[in-house]
Amino acid sequence: MQAISIEAIKRDTGKNAARCLKNQGYIPAILYGKGMAESIPLAVEYNALQRLLQKHGRNVLLNVIVDGSTHNAVIKEIQEDTLKGKIIHVDFQRVSMYEEIEATVPLKFEGIGLIESRGGIVQHQLWELTVESLPDKIPQEIVVDLSSLEIGDTLFVKDIQVPEGVKVVDDPDEIVVSVLAPRESEEEEAEEEATETAKESE
């Protein structure tokens, strides 16, 4: 995975500084991690961060450029305003390219339509996996093909294929997906109840 560059500026802390940055189209951020004695309060341009996330996802390897210095980093946490759905803060974790890190990777499910066409109902238990790998090996997503599953089948964490160099941290026996038989429709249930009632009254 190739690192994507994002420019950041050092920021002053405090409410007035935060308001000033917001007016200029920036959001607060922080950089901490490997080889750093203390964290650095930063700010990044909101639109630039949005474009980066839309194009590359949250598990992208970054070159965070601050005052001409480049830091290898990953996005550790994104805080959002739940009402407005906007990012209000981002944590960058500086990493070593030679040490494994932990990351949460979304699962992308394929073949659901095929199961549903056979009358099955897909019940999801897990939508993401926690993995461990070198920073440049973290996948953006892990594709899970469900097309071979039948009604009554269960897919576990241990059944998921991950790329080479990636290790799954989650419990291997945790359920990811179950395929259930369709429930009888309410009409059929009502008909059965009516039949039972008729038999009882006879």
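Below, each value reflects all heavy atoms present in this structure, side chains not excepted, and no hydrogens, waters or symmetry copies.
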Do Ile175 and Ile121 share a hydrophobic cluster, counting only Ile, Leu, Val, Met, Phe, Trp and Tyr and linking them when any side-chain heavy atoms are less than 4.5 Å apart? no
Considering all heavy atoms of both residues, which atom of Pro139 and which atom of Val166 are nearest to each other, and what is their separation? CD-CG2, 4.1 Å
Tell me whether Ile151 is reachable from Val176 by hopping between hydrophobic residues (I, L, V, M, F, W, Y) whose side-chain heavy atoms are closer than 4.5 Å. yes
Qualifying residue for side chain to side chain contact (heavy atoms under 4.5 Å, CB included) with Lys84, from Asp81, Ile87, Thr82: Asp81
Cluster check Leu134, Val105: I/L/V/M/F/W/Y, side chain < 4.5 angstrom: no
Indicate yes or no: at least one non-hydrogen side-chain atom of Glu110 is less than 4.5 angstrom from one of Val143. yes
NZ/Lys137 to CE/Met97 distance, rounded to the nearest 0.5 angstrom? 9.5 Å
Scanning both residues in full, the closest heavy-atom pair of Asn59 with Thr104 reads ND2-O, 3.0 Å
Spacing of CZ belonging to Phe156 relative to CD belonging to Glu174, to within rounding of 0.5 Å: 10.5 Å
Looking at Asp171 and Val157, what are the two nearest heavy atoms and their distance? O-CB, 3.3 Å
Between Glu99 and Pro135 the two heavy atoms that sit nearest each other are O-CD, 3.3 Å
Side chain Asp170, main chain Thr130, donor-acceptor under 3.5 Å: yes
Arg11 (side chain) donor-acceptor with Ile27 (main chain) under 3.5 angstrom: no
Do you know which two heavy atoms are closest between Ser148 and Asp153, and how far apart they sit? O-OD2, 4.3 Å
Ile88-Val90 co-clustered via ILVMFWY side chain contacts under 4.5 Å: no
Does the side-chain contact (heavy atoms from CB on, under 4.5 Å) test come out yes or no for Lys158 and Asp173, once each step is laid out? CA-CA 6 Å; Lys158 61 189 174 189; Asp173 292 320; 2.8 Å; yes
Side chains of Val74 and Phe92: does their closest heavy-atom pair fall under 4.5 Å? no
Could you measure the distance from the CG atom of Leu31 to the CE atom of Met36? Nearest 0.5 Å is fine. 4.0 Å
Can you check whether Arg94 reaches Asn72 side chain to side chain, under 4.5 Å on heavy atoms? no
If we only count heavy atoms from C-beta on, is the Leu52 to Val60 side-chain gap below 4.5 Å? yes
For the student: nearest non-hydrogen atoms of Arg58 and Gln140, plus distance: N-OE1, 4.2 Å
Hey, could you give me the CG/CD distance between Leu180 and Gln123, rounded to the nearest 0.5 Å? 4.5 Å
If you define the side chain from C-beta out and look only at heavy atoms, does anything of Ser133 sit under 4.5 Å from Lys167? no
Test item: Val64 and Thr70 side chains (from C-beta on) under 4.5 Å apart, heavy atoms: no
Ile9, Val44, Asp12 screened by side chain to side chain contact (heavy atoms under 4.5 Å, CB included) with Leu21, the one that passes: Ile9
Spacing of CD belonging to Glu77 relative to CD1 belonging to Ile30, to within rounding of 0.5 Å: 11.0 Å
From CD1 (Ile40) to OG (Ser69), nearest 0.5 Å: 8.0 Å
With a 6.0 Å cut-off on ring centres, are Phe109 and His124 close enough? yes
State whether Glu80 and Lys86 are salt-bridged, where the test is any N-O pair (Lys NZ or Arg NE/NH1/NH2 against Asp/Glu carboxylate O) under 4.0 Å. no
Joint hydrophobic cluster, Ile65 plus Leu61, side-chain heavy atoms closer than 4.5 Å: no
Could you walk me through whether Leu129 and Leu107 pass side-chain contact (heavy atoms from CB on, under 4.5 Å), step by step? CA-CA 7 Å; Leu129 281 186; Leu107 297 174; 3.8 Å; yes
Does atom CD of Gln54 have more than 12 heavy-atom neighbours, drawn from other residues, nucleotides or ligands, at distances under 6.0 Å? yes
Please examine the side chains of Tyr32 and Lys76, heavy atoms only from C-beta on, and report whether any two atoms are closer than 4.5 Å. yes
